[in-house]
J.: 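Got a structure here, written out as structure tokens. Questions coming.
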Amino acid sequence: MKMLEMIKNEIVNAFLFDGDFIYAEPFGCGHINATYAVYFRRETKPPVRYILQAVNTAIFTDPQGLMENILGVTSHLRKKILEQGGDAQRETLTLIPTRNGNLLYEDSEGGFWRSYHFIENATCHQSVDRPVLFTNAAKAFGHFQKLLADYPADTLHETIAGFHNTVDRYALFEKAVAEDKAGRAASVEKEVRFFLDRKADGAVVVDAIAKGQLPLRVTHNDTKLNNIMMDNDTDEGICVIDLDTVMPGSVLYDFGDSIRFGASTADEDERDLSLVSMDLELFEAYTAGFLSEAGSSLTAEEIRLLPFSAKLLTLECGMRFLTDYLNGDTYFRIHREHQNLDRCRTQMKLVADMEYKMEDMHKIVAKYV
Ligand code: ADP
Ligand code: GN1
Ligand code: MG
């Protein structure tokens, strides 16, 4: 409530919005930033809404650097989309500046805000109800990667250090177990053991990158299905959003994270684990779409590791949820008690299912290379 008051009384006046403010409401299902839709009435034109976000500065400690990344990446994408005759306001994020010409507004309490043009007639799906939707998401993420292939990676700020460094993630996890800040470690011994048993997996991609066996590319790093807008009429993936984690990374992070979220048969926080599995039909739908866009630029080693990456990113995410649960839920936004533990358990179920289906996943990848 307090936040909505602040938006109304202070924040909306700071941005170059068109029209008179009507109201603001919390929007979307992101776990990190606080996102709102803000609505404006205009005299001669239809009403308009914008996305307004409070950047989570506990996580993104350099909001200026973060915005430089987003401006750089969206400008690069905009240029290419226009060259190809596309609609840049629909196919990439468009920042709304503040009245002072900045991309961030610092409020009276030290919070940082940014705004985007609202992409209308499009949906962020929370799950895949038709496989074609997932194929289309894959094409769009693959295309995004292609458009950024010539982006100067050394100009990007590392917005979260070691974001997908699973060796570092293991260290943070073990520290959380040892510190046991929220007094929960004794209640999750089975879960802790599950991740410790798979510690060797955590080093595979990190080591291969260090040895030069896997290339670094400009990747999105947070490719869940609800980070892409899909056209309501055509079901096509039109705009990749949530660009906070665009950084040099492995293509395996983007492929693996998409499978982790979108190929699951249940919600990320489903409590009935009997509903949770990795759907091979959805794995195939994504693989087909992704390889049709990005396949020709991948190395043999990247292709070989695609099925493993699904397991790796699920393992990593499950471990991150458990780490946060052990630390007292300070990172991922929760809406109920133990939600991070529930999220961790779905990821464990998925990892186990992926281990069981690894051979099938390899066969599917082989069909599309
Ligand atoms: P978080 O980092 O918290 O996940 P996101 O940037 O992904 O934040 O935004 C949260 C949600 O807000 C998205 O899942 C989507 O539903 C909605 N959203 C974000 N940007 C736009 C936009 N430009 N147009 C329409 N909806 C958007
Ligand atoms: C977060 O921001 P959002 O909700 O799209 C997280 C991802 C996790 C995901 C799990 C910056 O993504 O890394 O995979 O939750 N983003 C950040 O659902 O940590
Ligand atoms: Mg998001």
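In each ligand, atom 1 is the first atom listed, and ligand 1 is the first ligand listed.
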J.: Any N or O of Tyr116 that comes nearer than 3.5 Å to an N or O of ligand 1?
T.: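 By distance alone, the answer is no.
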J.: Under 6.0 Å from the ring centre and within 45 degrees of the ring axis: does the NZ or CZ of Arg320 meet both conditions for the six-membered ring of Phe332?
T.: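 Ring-cation test returns no.
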J.: Looking at ligand 2, would Asp242 count as a contact under a 4.0 Å heavy-atom criterion?
T.: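 Yes, that is the case, since the closest heavy atom of the residue is under 4.0 Å from the ligand.
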J.: Looking only at N, O or S atoms in Asp242, which is nearest to the Mg ion (ligand 3)?
T.: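 Going through the N, O and S atoms of Asp242 one by one, OD2 ends up nearest to the Mg ion (ligand 3).
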J.: Does the residue Arg343 have a heavy-atom contact with ligand 2, meaning some pair of atoms that are separated by less than 4.0 Å?
T.: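 The answer is no: ligand 2 sits nowhere under 4.0 Å from a heavy atom of Arg343.
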J.: Considering heavy atoms of the protein only, find what lies nearest to atom 8 (C) of ligand 2 and give residue, atom and distance to 0.1 Å.
T.: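 Here the nearest protein heavy atom works out to Arg320 NH1, 3.9 Å.
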J.: Give the residue, atom name and distance (to 0.1 Å) of the protein heavy atom nearest atom 9 (C) of ligand 2.
T.: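 Residue, atom and distance for the closest contact: Lys224 NZ, 3.6 Å.
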J.: Considering the heavy atoms of Gln53, write down every atom of ligand 1 situated less than 4.0 Å from one of them.
T.: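 Close to Gln53: 5 (P), 6 (O), 8 (O), 9 (O).
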J.: Name the closest protein heavy atom to atom 7 (C) of ligand 2, giving the residue it belongs to and the distance to 0.1 Å.
T.: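 Heavy-atom neighbour on the protein nearest atom 7 (C) of ligand 2: Asp222 OD1, 3.5 Å.
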J.: Check each of Phe118, Phe17, Phe15 against Phe40 using the ring pair (Phe, Tyr, Trp, His ring centres under 6.0 Å) test, and report the only one that passes.
T.: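 By the ring pair (Phe, Tyr, Trp, His ring centres under 6.0 Å) criterion, Phe40 pairs with just one of Phe118, Phe17, Phe15: Phe17.
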J.: Of the protein's non-hydrogen atoms, which lies at the shortest distance from atom 4 (O) of ligand 1, and what is that distance?
T.: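 Answer for atom 4 (O) of ligand 1: Asp242 OD2, 3.0 Å.
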J.: Any nitrogen or oxygen of Thr245, side chain or backbone, less than 3.5 Å from one on ligand 2?
T.: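 Among all N and O atoms of Thr245, none is under 3.5 Å from an N or O of ligand 2.
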J.: Any nitrogen or oxygen of Ile119, main chain or side chain, under 3.5 Å from a nitrogen or oxygen of ligand 1?
T.: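 For ligand 1, there is an N or O atom that lies under 3.5 Å from one belonging to Ile119.
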J.: Can you find an N/O atom of Arg114 closer than 3.5 Å to an N/O atom of ligand 1?
T.: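 N/O-N/O distance below 3.5 Å does not exist for this pair.
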J.: Looking at Asn227, which atoms of ligand 1 are within less than 4.0 Å of one of its heavy atoms?
T.: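 Every atom of ligand 1 under 4.0 Å from some heavy atom of Asn227: 7 (O).
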J.: A cation-pi test, strictly: NZ or CZ of Arg114 under 6.0 Å from the centre of the six-membered ring of Tyr116 and no more than 45 degrees from its axis. Yes or no?
T.: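 Not satisfied by the 6.0 Å and 45° rule.
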J.: Tell me, which protein residue and heavy-atom name are nearest atom 14 (O) of ligand 2, and how many Å apart are they?
T.: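 Answer for atom 14 (O) of ligand 2: Arg260 NH2, 3.5 Å.
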J.: Side chain or backbone, does Gly30 bring an N or O within less than 3.5 Å of an N or O on ligand 1?
T.: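 No, Gly30 has no N/O under 3.5 Å of an N/O on ligand 1.
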J.: Is there a heavy atom of Met229 sitting under 4.0 angstrom from any atom of ligand 1?
T.: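 Heavy atoms of Met229 do come under 4.0 Å of ligand 1.
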J.: Can you tell me which residue and heavy atom of the protein come closest to atom 17 (C) of ligand 2, and the distance to 0.1 Å?
T.: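 Nearest neighbour among protein heavy atoms for atom 17 (C) of ligand 2, to 0.1 Å: Tyr331 OH, 3.4 Å.
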J.: Using a strict 4.0 Å cut-off to heavy atoms of Ile32, name the atoms of ligand 1 that fall inside it.
T.: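 Here the atoms of ligand 1 in question are 2 (O), 3 (O).
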J.: I need the atoms of ligand 1 closer than 4.0 Å to a non-hydrogen atom of Leu93, numbered in the order shown.
T.: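 Counting from 1, the qualifying ligand atoms are 23 (N).
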J.: Return a yes/no value for His31: is any of its N or O atoms, backbone included, closer than 3.5 angstrom to an N or O of ligand 2?
T.: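 Looking only at distances, the answer is yes, because the N/O contact criterion of under 3.5 Å is met.
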J.: Give me the residue, atom name and distance of the protein heavy atom closest to atom 1 (C) of ligand 2.
T.: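 Residue, atom and distance for the closest contact: Ile32 CG1, 3.8 Å.
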J.: With backbone taken as N, CA, C and O and side chain as the heavy atoms from C-beta onward, which portion of Ile51 lies under 4.0 Å from ligand 1: side chain, backbone, both, or neither?
T.: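 Answer for Ile51: side chain.
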